[in-house]
Every structure is written in C-alpha cells, then in structure tokens.
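All values below were derived from every heavy atom in this structure, side-chain atoms included, with hydrogens, water molecules and symmetry-related copies excluded. Sequential numbering from 1 along the given sequence is applied to the chain's residues.
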Amino acid sequence: MRIDKFLHAMRIGTRTQVRRLIKDGHITANGEPVISGKQQINPGSDAVFLDDEQVRYQQYFYYVMNKPVGVITATSDATAKTVMDLFNTTDYRDDLFPVGRLDKDTEGVLVITNDGALSHALLAPAHHVTKVYEAEVTGEITAAQVAGFNDGITLKDGTQLQPAQAEIVEFHEIEDFTTIRIMIHEGKYHQVKRMVGTLGERVVQLRRIKFGSLSLPVGLLAGNYRALSETELTALKRDANQPVTE
Ligand code: URA
C-alpha cells in the first residue's frame with residue numbers, strides 16, 4: 001500500500017497535509033526517512049512513525065453521531081445533505097456508513113462505522129438490539145394507552161409488532177402535547193411514528209436517545225460526532241453477540 005494512502009486512511013491528515021508531513025521529513029518507515037508518498041509499505045508489518053509516535057494500522061473505525069434534523073441517513077445523495085457530509089476531511093473515509101436508519105426529521109444517536117460484520121449483527125432481528133426514543137406527540141397520551149404497546153400491536157397496514165415498552169414523561173397541558181419515552185426491539189419503517197398513529201395522534205419531534213447499550217453522549221451537540229470509546233465499542237459488540245477482545 002502507498003504510504004500516503006496509509007497515513008490518510010489512519011486519519012493522520014488530509015491528502016495535502018500528509019504530503020506536507022512527508023516533504024518536511026516527519027515520517028519514517030522502519031527507521032528510514034520517507035521521501036515519497038508513493039513508497040510502498042506493508043501496513044501490518046512495517047513500523048511507520050510520525051515523529052516519535054507510531055502510526056498503528058487500524059482496520060475498523062467507529063463513531064457515534066448526534067444526527068441532526070434535516071440530513072438523511074445515507075452515504076451519498078444527489079441533492080440532499082447526508083450524515084456523511086458532516087464528517088471532516090480527516091475523519092472521512094469512503095467505506096464508512098451509518099448503522100441502520102433514522103428519518104430525515106429524526107435526531108439522535110447514530111453509529112457510523114466501516115465494520116460491516118458489526119453493523120449486520122446489530123441490525124439482525126435475532127439480537128433485538130433495543131432502541132429508546134423520546135417523542136413529542138400531539139394531544140394527551142395516557143399511561144393506559146401506551147401500556148397497550150406491551151402486547152405487541154398491529155399497525156394499520158397489518159404489520160404485527162413485537163412488544164414494546166413506553167412511558168409518559170410529561171403532558172404539556174398548555175401546548176397540548178405529550179412527551180413519551182418508548183423502547184422498541186426491532187426497526188420497522190417509521191415504526192415509532194406508526195405506533196403513535198395507532199393512538200390517533202402524531203409525532204411532532206423524535207429523538208433516539210439510546211441504541212443498544214449506547215446512550216446519546218452528554219454534551220454531543222446535534223450535527224457533531226466523535227469516536228466510540230473502547231468501553232462503548234465493547235458494550236456494542238456484546239449487544240450484537242460479537243466476540244470482544246479484553
Ligand atoms: N421510528 C420512526 O418513526 N422514525 C425513525 O427515524 C426511527 C424510528
């Protein structure tokens with residue numbers, strides 16, 4: 001693999017920044033200065049250093065984003081802004097993709113990775129990765145109404161849902177809407193909105209606050225993302241029944 005490609009893939013910098021680091025003599029491979037970005041290296045076995053720091057090979061990258069309203073959950077789109085457009089040029093890689101999908105008008109926790117196996121396992125119906133949403137819903141919803149979700153309701157089009165748990169957070173009397181928290185164990189199209197629809201009401205704001213064991217990080221503003229911590233990643237792999245290395 002070309003060393004400039006390797007350094008960029010390891011998020012050392014943009015292609016221009018990498019070129020400059022090489023030109024200015026900051027990069028060595030197996031103790032020898034690198035003078036050309038075209039130099040071939042074996043990422044698994046060659047020791048590449050940026051000054052005194054080894055640049056270790058990393059195959060998979062994992063991020064948590066607080067998806068904002070107004071962008072679509074896709075890798076690219078001809079007209080609409082996607083979650084991948086929110087990545088900076090250093091972190092962006094064209095093999096990254098979002099795990100699952102949030103509607104354009106939904107915000108909240110979204111995992112983005114290039115680890116296809118983990119994504120597949122997290123989304124597999126067999127693992128029932130739990131998702132928690134907070135929804136603002138028109139009108140007054142009662143605890144008795146949402147208790148019905150526990151039985152596994154049937155949507156208007158006949159789709160049978162698994163049991164879900166919901167609670168009332170607050171009824172806002174003056175504005176006439178209810179905040180509810182709802183926990184689902186599957187991911188059907190527009191699921192929360194359609195569940196609320198069975199009550200004769202409408203979701204006006206929807207935010208995912210938990211995906212499996214991963215909570216929306218405190219302080220991560222809508223539109224921002226950060227790398228998952230080791231602890232968060234290990235917990236997500238456990239959610240997906242994937243092997244973890246301690
Ligand atoms: N349910 C919905 O209706 N929309 C989402 O984006 C996620 C869950």
Just to verify, what does Arg2 make a salt bridge (Lys or Arg N to Asp or Glu O under 4.0 Å) with, not counting sequence neighbours? Asp4
Is there a donor-acceptor pair closer than 3.5 Å between any side-chain N or O of Arg208 and the backbone N or O of Gly108? no
For atom NZ of Lys193, decide whether the heavy atoms of other residues, nucleotides or ligands shown that lie under 6.0 angstrom number more than 12. yes
Can you list the residues that meet the side-chain hydrogen bond (donor to acceptor under 3.5 Å, both in side chains) rule with Glu136, with sequence neighbours excluded? none
For His172, does the NE2 atom have more than 12 heavy-atom neighbours from other residues, nucleotides or ligands under 6.0 Å away? yes
Polar side-chain atom of Thr130 near backbone of Gly212 as donor-acceptor pair, under 3.5 Å: no
Show, in sequence, the C-alpha distance, side-chain angles and deciding distance for Val55 and Phe49, and conclude whether the side-chain contact (heavy atoms from CB on, under 4.5 Å) test is met. CA-CA 5 Å; Val55 182; Phe49 276 74; over 6 Å; no
Between Tyr63 and Asp91, is there a side-chain heavy-atom distance shorter than 4.5 Å? yes
Applying side-chain contact (heavy atoms from CB on, under 4.5 Å) to Ser119 and not counting sequence neighbours gives Phe97, Val99, Leu123
Taking atom OG1 of Thr154 and atom CD of Gln160, what is their separation to the nearest 0.5 Å? 4.0 Å
Can you hop from Ile112 to Ile72 via hydrophobic side chains spaced under 4.5 Å? no
From CE (Met1) to CG (Leu7), nearest 0.5 Å: 9.0 Å
Shared-cluster residues of Tyr189, by chain and number - hydrophobic side chains joined below 4.5 Å: none
Under the side-chain hydrogen bond (donor to acceptor under 3.5 Å, both in side chains) test, which residues partner Gln17, sequence neighbours left out? Thr14
So, Ser213 and Asp239: side-chain donor and acceptor under 3.5 Å apart, yes or no? yes
Could you tell me the separation between the CG atom of Leu228 and the OG1 atom of Thr113, rounded to the nearest 0.5 Å? 8.0 Å
Could you pull out all residues at least two apart from Asp46 that satisfy salt bridge (Lys or Arg N to Asp or Glu O under 4.0 Å)? none
Should the heavy atoms of other residues, nucleotides or ligands under 6.0 Å from CD of Glu53 be counted, would the total exceed 12? no
Rounded to the nearest 0.5 Å, the CD1 atom of Ile180 sits from the CD1 atom of Ile168 at a distance of 6.0 Å
Should Pro98 and Thr75 count as side-chain neighbours, where that means a heavy-atom distance under 4.5 Å? yes
Euclidean distance, Asp85 CG relative to Asp77 CG, rounded to 0.5 Å: 9.0 Å
Main-chain N/O of Gly13 paired with His8 side-chain donor or acceptor, under 3.5 Å: yes
Inspect the surroundings of CE in Met183 and state if more than 12 heavy atoms from other residues, nucleotides or ligands are less than 6.0 Å away. no
Are a donor atom and an acceptor atom from the side chains of Asn42 and Tyr57 found within less than 3.5 Å of each other? no
Which atom of Val111 lies closest to which atom of Phe211, heavy atoms considered: CG2-CD2, 3.9 Å
Is the closest basic N to carboxylate O distance between Arg101 and Asp103 below 4.0 Å? yes
Got a sec, which pairs hit salt bridge (Lys or Arg N to Asp or Glu O under 4.0 Å) with one end in residues 106-124, sequence neighbours left out? Glu107-Arg207
If the condition is side-chain hydrogen bond (donor to acceptor under 3.5 Å, both in side chains), which residues does Asn66 pass it with, not counting sequence neighbours? none
Would Phe87 and Arg93 satisfy side-chain contact (heavy atoms from CB on, under 4.5 Å), going step by step from the backbone distance to the final call? CA-CA 9 Å; Phe87 271 69; Arg93 296 168 49 107; over 6 Å; no
Partners passing side-chain hydrogen bond (donor to acceptor under 3.5 Å, both in side chains) against Lys38 (at least two apart in sequence or in another chain): none
Examine distances only and state if a side-chain atom of Thr178 and a backbone atom of Gly139 form a donor-acceptor pair shorter than 3.5 Å. yes
Is Asn224 close to Met65 at the side-chain level, that is, under 4.5 Å between some pair of heavy atoms? no
Show, in sequence, the C-alpha distance, side-chain angles and deciding distance for Val48 and Thr28, and conclude whether the side-chain contact (heavy atoms from CB on, under 4.5 Å) test is met. CA-CA 6 Å; Val48 176; Thr28 58; over 6 Å; no
From Leu50, Val18, Ile35, residue fulfilling side chain to side chain contact (heavy atoms under 4.5 Å, CB included) relative to Ile27: Leu50
Residue pair Val146 / Ile141, side-chain heavy-atom distance below 4.5 Å: yes
At their closest point, which heavy atom of Ala29 faces which heavy atom of Gln39, and how far apart are they? CB-NE2, 3.9 Å
What I want to check is whether the side chains of Glu170 and Thr179 have a donor and an acceptor closer together than 3.5 Å. no
Indicate whether the side chain of Tyr62 and that of Asn114 have a donor and an acceptor atom separated by less than 3.5 Å. no
Sort and list the pairs that fulfil salt bridge (Lys or Arg N to Asp or Glu O under 4.0 Å) and have at least one residue in residues 148-161, not counting sequence neighbours. Asp157-Arg194
If hydrophobic clusters are built from ILVMFWY residues whose side chains come within less than 4.5 Å, do Ile12 and Phe61 share one? yes
Separation between CG (Leu86) and CG (Leu110), nearest 0.5 Å, reads 10.0 Å
Does anything in residues 21-32 form a salt bridge (Lys or Arg N to Asp or Glu O under 4.0 Å)? List the pairs, not counting sequence neighbours. Arg20-Asp24
Side-chain heavy-atom pair His185, Gln165 within 4.5 angstrom cut-off: yes
Note: Glu232-Lys237 ion pair, threshold 4.0 Å (strictly below): no
Apply ring-ring contact (aromatic ring centres under 6.0 Å, His included) to Phe177 and Phe171, showing your working. CA-CA 6 Å; Phe177 73 89; Phe171 171 53; 8.4 Å; no
Hey, quick one: are Leu233 and Leu122 part of the same hydrophobic cluster, counting side-chain heavy atoms closer than 4.5 Å, chains of contacts allowed? yes
Between Lys67 and Thr106 (side chain of the first, backbone of the second, donor and acceptor by atom type, cut-off under 3.5 Å), is there such a pair? yes
Is Gln54 atom CD crowded by more than 12 heavy atoms from other residues, nucleotides or ligands, each under 6.0 Å away? yes
Can you check side-chain contact (heavy atoms from CB on, under 4.5 Å) on Ile153 and Met195, steps first, answer last? CA-CA 8 Å; Ile153 57 165; Met195 288 172 79; 4.0 Å; yes
Is there a path of hydrophobic side-chain contacts, each under 4.5 Å between heavy atoms of I/L/V/M/F/W/Y residues, joining Ile41 to Leu21? yes
Examine Leu155 and Phe149 and state if one hydrophobic cluster contains both, with Ile, Leu, Val, Met, Phe, Trp and Tyr joined whenever side-chain heavy atoms are less than 4.5 Å apart. yes
Tell me the salt bridge (Lys or Arg N to Asp or Glu O under 4.0 Å) pairs involving residues 174-187, sequence neighbours left out? Glu134-Arg181, Glu167-Arg181, Glu186-Lys188
